[in-house]
Amino acid sequence: MDNCNTILTLVEEGLKFTKDGSGELVNSTDFKGLVGCLIYLTATRPDIMYALGLVSRFMESPRQSHLQAAKRILKYIKGTTSMEIFYTVSEDPKSVGFTDSDWDGDTEGRKSTSGYGFQLGTGFFSWSSKKQQLLHYLQRKLSI
């Protein structure tokens, strides 16, 4: 990956991962090692957390498409090495919040994913990304 092309987006638009994926099975030990290294990197690069959460769902039986998505994260990191979190002193720090959701984006469990991030001045101080239980709850209520 030293000589790979760089990219500026983590996930292809409209991409939906499935357990079966596309392509042949890849070595799960190597895939887990790559995902583990990327998880370690999230301490200083929280911007990769969402894409990494998608990829890490398939560590038991990764397919070629899952490996390609993990490699896409590496290409993104290579293209954005100047992006860092800086915490600086400011007389007038502004507080900014971001939120986004992916309605019914998990094709396996039919769950939605939502996330948020809060920034004070130049650095993020809180962020989260998680699957929602609402759709599962509604399906259970409707079947009663």
Side-chain angles (χ1 to χ4, degrees), residues 1-140:
M1 299 295 296
D2 287 339
N3 298 320
C4 69
N5 294 329
T6 61
I7 57 172
L8 297 175
T9 57
L10 280 164
V11 181
E12 293 178 44
E13 185 178 340
L15 181 66
K16 302 287 185 185
F17 286 114
T18 61
K19 182 187 263 187
D20 297 330
S22 62
E24 297 180 13
L25 287 170
V26 297
N27 185 323
S28 65
T29 303
D30 293 341
F31 186 77
K32 289 176 186 179
L34 173 58
V35 171
C37 290
L38 290 171
I39 288 172
Y40 180 76
L41 189 60
T42 60
T44 57
R45 295 293 304 259
D47 54 328
I48 67 171
M49 188 66 78
Y50 174 74
L52 187 55
L54 291 176
V55 170
S56 65
R57 295 177 188 172
F58 306 101
M59 291 203 305
E60 285 304 312
S61 56
R63 299 275 180 171
Q64 191 64 35
S65 59
H66 306 137
L67 180 60
Q68 289 303 106
K71 286 182 178 181
R72 185 176 179 95
I73 296 172
L74 292 174
K75 291 177 183 181
Y76 171 80
I77 291 169
K78 184 174 182 184
T80 58
T81 55
S82 63
M83 293 179 72
E84 299 172 336
I85 298 177
F86 289 109
Y87 295 99
T88 59
V89 178
S90 173
E91 287 187 26
D92 186 28
K94 294 189 185 319
S95 179
V96 180
F98 302 94
T99 185
D100 198 5
S101 61
D102 179 16
W103 188 79
D104 198 23
D106 178 15
T107 57
E108 298 296 319
R110 309 309 297 174
K111 295 179 185 175
S112 300
T113 304
S114 64
Y116 66 82
F118 291 100
Q119 181 179 3
L120 181 61
T122 60
F124 278 85
F125 63 88
S126 179
W127 59 87
S128 174
S129 176
K130 69 177 195 172
K131 288 183 184 180
Q132 298 296 314
Q133 300 295 323
L134 182 61
L135 188 58
H136 178 68
Y137 172 78
L138 289 174
Q139 288 173 341
R140 205 172 49 219

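What you see below is based on every heavy atom in this structure, not just the backbone, and it leaves out hydrogens, waters and symmetry mates. When a residue number appears, it is its place in the shown sequence, counting from 1.
Residues K78 and C4 share a closest heavy-atom pair of NZ-O, 3.6 Å. Closest approach of S56 to V35, counting heavy atoms only: CB-CG1, 3.9 Å. Of all heavy-atom pairs spanning F98 and Q119, the tightest one is CE1-OE1, 3.6 Å. Pairing each heavy atom of Q64 with each of G23, the nearest pair is CB-CA, 3.9 Å. The two residues G97 and F118 come nearest to each other via the heavy atoms CA-CD2, 3.7 Å. Between V55 and A69, the closest heavy-atom pair is CG2-CB, 3.7 Å.
Two residues are said to be in side-chain contact when any heavy atoms from C-beta on lie closer than 4.5 Å; R72 and I7 meet this criterion. Two residues are said to be in side-chain contact when any heavy atoms from C-beta on lie closer than 4.5 Å; I77 and L38 meet this criterion. In this structure, V26 and R63 have side chains that are not in contact, with every pair of non-hydrogen atoms separated by 4.5 Å or more. Counting heavy atoms from C-beta outward, D30 and L67 have side chains that stay 4.5 Å or more apart.
Taking OG of S28 as the start and CE of M59 as the end, the distance is 9.5 Å to the nearest 0.5 Å. Put simply, CD on E60 and CG on L25 are 12.0 Å apart, with the number rounded to the nearest 0.5 Å. In this structure, CG in L52 is found 11.0 Å from CZ in R57, a value given to the nearest 0.5 Å. A distance of 12.5 Å separates CG of L8 from NZ of K75, quoted to the nearest 0.5 Å. In this structure, OH in Y40 is found 15.0 Å from CZ in R45, a value given to the nearest 0.5 Å. Taking CG of L74 as the reference point, atom CG of L41 lies at 9.0 Å (rounded to 0.5 Å).
Around the CG atom of N5, the shell of radius 6.0 Å holds no more than 12 heavy atoms that belong to other residues, nucleotides or ligands.
When atom types are taken as modelled, the side chain of T6 and the backbone of Y76 share no donor-acceptor pair closer than 3.5 angstrom.
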